[in-house]
Visitor: 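Would you mind keeping the following structure in view while I ask a few things?
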Amino acid sequence: MGKIEIIQGDITSLAIDAIVNAANNTLLGGGGVDGAIHRAAGPELVAESSTLCGCETGDAKITKGYRLPAKHVIHTVGPVWHGGGKGEPELLHKAYRRCFEVAHENGLKSIAFPAISAGVYGYPMDQACGIAMEEAKAALERYPELERVAFVPFSSSALAIYQEKYKEIFA
Ligand code: ADP
């Protein structure tokens, strides 16, 4: 699959330049993957995050990874799903784009994504996954230094959706 990987499991276990956190606007921790990342990174992560003054929906900010095997965490905030007519797709595209941009600005070559917005924020998994794959394709064209983009679906049903979308978009 070239530079794209799909790895089902816990994103906090990956040794990679950056894992992406599906954070909330406060950047001070939450549930889901955000909670798992904060637990695994240790209290230094919230200490650094609290200096960042939060994060707008669709933006991304970077911190160190602290006790994680990943060197950095790129915190992004995806949109809450309100049915799709409130700019959700544009905001989710922007969140992925900003993550790749922040990775590039920091000289990173490998990055792993959870299914941003597709948990508590309610974005339909197949649509969220399509956006993730489209932005990965664009980023690989834009940033030749990018060596590895990993997608980390948590459940086996999400894994099946990622595999399907990969075929659709990279075929
Ligand atoms: P959001 O608020 O952006 O919807 P969530 O954390 O609720 O974020 O969910 C995003 C996705 O991350 C969901 O598909 C959820 O199953 C998944 N997830 C939860 N914990 C982990 C983890 N440790 N590693 C990877 N994915 C995870």
Side-chain angles (χ1 to χ4, degrees), residues 4-43 45-46 49 52 54-100 102-103 110-136 148-166 169:
I4 302 274
E5 275 176 75
I6 300 170
I7 310 163
Q8 188 194 347
D10 180 356
I11 200 166
T12 65
S13 69
L14 296 186
I16 194 159
D17 287 347
I19 60 171
V20 171
N21 182 13
N24 58 46
N25 296 117
T26 70
L27 296 186
L28 299 178
V33 71
D34 193 5
I37 289 172
H38 275 273
R39 276 192 300 279
L45 181 59
V46 80
S49 301
L52 299 177
C55 185
E56 297 285 318
T57 304
D59 197 5
K61 295 189 176 179
I62 191 167
T63 65
K64 292 182 200 149
Y66 298 100
R67 299 177 201 181
L68 288 163
K71 290 185 203 138
H72 301 89
V73 180
I74 296 177
H75 306 262
T76 191
V77 184
V80 175
W81 179 256
H82 292 291
K86 295 257 186 323
E88 296 94 328
E90 293 76 12
L91 286 167
L92 191 56
H93 273 285
K94 191 166 170 228
Y96 277 97
R97 237 175 0 248
R98 279 290 298 143
C99 289
F100 283 115
V102 167
S110 57
I111 184 167
F113 289 92
I116 300 165
S117 283
V120 172
Y121 282 6
Y123 212 110
M125 182 65 80
D126 61 327
Q127 294 178 48
C129 180
I131 289 172
M133 293 280 170
E134 284 167 18
E135 288 300 332
R148 182 179 176 206
V149 178
F151 290 110
V152 190
F154 203 45
S155 65
S156 51
S157 59
L159 171 66
I161 293 171
Y162 272 80
Q163 288 169 333
E164 201 47 46
K165 285 283 169 197
Y166 174 81
I169 289 167

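Every number for a ligand or one of its atoms is a count from 1 in the order of the listing.
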Visitor: Can you tell if the side chain of P124 reaches within under 4.5 Å of the side chain of W81, non-hydrogen atoms only?
Guide: yes

Visitor: Does V33, backbone or side chain, put an N or O under 3.5 Å from an N or O of ligand 1?
Guide: yes

Visitor: Looking at ligand 1, would S117 count as a contact under a 4.0 Å heavy-atom criterion?
Guide: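 Flag set, S117 near ligand 1.
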
Visitor: Taking T26 for the side chain and G54 for the main chain, is one N or O donor matched with an acceptor at less than 3.5 Å?
Guide: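 No; zero donor-acceptor contacts below 3.5 Å.
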
Visitor: Please state which option from F113, W81, F154 has its nearest heavy atom closest to atom 17 (C) of ligand 1.
Guide: F154

Visitor: Any nitrogen or oxygen of D34 lying under 3.5 Å from a nitrogen or oxygen in ligand 1? Just yes or no.
Guide: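 Between D34 and ligand 1 (N or O atoms, distance only) the closest approach is not under 3.5 Å.
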
Visitor: Could you walk me through whether Y162 and F113 pass the ring pair (Phe, Tyr, Trp, His ring centres under 6.0 Å) test, one step at a time?
Guide: CA-CA 12 Å; Y162 272 80; F113 289 92; 10.0 Å; no

Visitor: Without swapping roles, check the side chain of K61 against the backbone of L52 for a donor-acceptor pair under 3.5 Å.
Guide: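 Yes, because the side chain of K61 sits within donor-acceptor range (under 3.5 Å) of the backbone of L52.
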
Visitor: Is there a nitrogen or oxygen of T12 sitting under 3.5 Å from a nitrogen or oxygen of ligand 1?
Guide: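 In fact, backbone or side chain, T12 has no N or O that close.
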
Visitor: Can you tell me which residue among D59, D34, T57 is in a side chain to side chain contact (heavy atoms under 4.5 Å, CB included) with V77?
Guide: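 Testing each of D59, D34, T57 against V77, the sole residue satisfying side chain to side chain contact (heavy atoms under 4.5 Å, CB included) is T57.
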
Visitor: At the 4.0 Å heavy-atom cut-off, does A118 count as touching ligand 1?
Guide: yes

Visitor: Starting from the C-alpha separation in whole Å, work towards a yes-or-no answer on side-chain contact (heavy atoms from CB on, under 4.5 Å) for C129 and K165.
Guide: CA-CA 7 Å; C129 180; K165 285 283 169 197; 3.6 Å; yes

Visitor: Could you list which atoms of ligand 1 come closer than 4.0 Å to a heavy atom of A36?
Guide: 23 (N)

Visitor: Could you list which atoms of ligand 1 come closer than 4.0 Å to a heavy atom of A115?
Guide: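 The list of qualifying atoms is 10 (C), 11 (C), 14 (O).
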
Visitor: Quick one: which ligand 1 atoms are inside 4.0 Å of a heavy atom on D10?
Guide: 22 (C), 23 (N), 24 (N)

Visitor: Does atom CD of E134 have more than 12 heavy-atom neighbours from other groups under 6.0 Å away?
Guide: yes

Visitor: For ligand 1, which atoms have a heavy atom of G9 less than 4.0 angstrom away?
Guide: 24 (N), 25 (C)

Visitor: Hey, mind stepping through V33 and F154 against side-chain contact (heavy atoms from CB on, under 4.5 Å) and telling me if it holds?
Guide: CA-CA 9 Å; V33 71; F154 203 45; over 6 Å; no

Visitor: So which protein heavy atom does atom 24 (N) of ligand 1 come closest to, and at what separation?
Guide: I11 N, 3.0 Å

Visitor: Which ligand 1 atoms does A22 reach within 4.0 Å, using its non-hydrogen atoms?
Guide: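 Listed by number with element: 3 (O), 8 (O).
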
Visitor: Is there a nitrogen or oxygen of G122 sitting under 3.5 Å from a nitrogen or oxygen of ligand 1?
Guide: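 No: no nitrogen or oxygen of G122 is under 3.5 Å from one in ligand 1.
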
Visitor: Would you sort out whether H82 and E88 count as a side chain to side chain donor-acceptor pair (under 3.5 Å), showing the intermediate values?
Guide: CA-CA 8 Å; H82 292 291; E88 296 94 328; 5.5 Å; no

Visitor: Should you measure from each heavy atom of M125, which atoms of ligand 1 turn up under 4.0 Å away?
Guide: 14 (O)

Visitor: Please report whether ligand 1 has a polar contact with G119, defined as an N or O pair separated by less than 3.5 Å (distance criterion only).
Guide: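 Looking only at distances, the answer is yes, because the N/O contact criterion of under 3.5 Å is met.
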
Visitor: Could you tell me whether a side-chain N or O of N24 sits under 3.5 Å from a main-chain N or O of G29, the two making a donor and an acceptor?
Guide: yes

Visitor: Among all protein heavy atoms, pick out the one at the shortest distance from atom 7 (O) of ligand 1; state its residue, atom name and that distance to 0.1 Å.
Guide: V120 N, 2.8 Å

Visitor: Report yes if P114 has an N/O atom closer than 3.5 Å to an N/O atom of ligand 1; otherwise report no.
Guide: no

Visitor: Does any N or O in the side chain of N21 come within less than 3.5 Å of the main-chain N or O of I74, such that one atom is a donor and the other an acceptor?
Guide: no

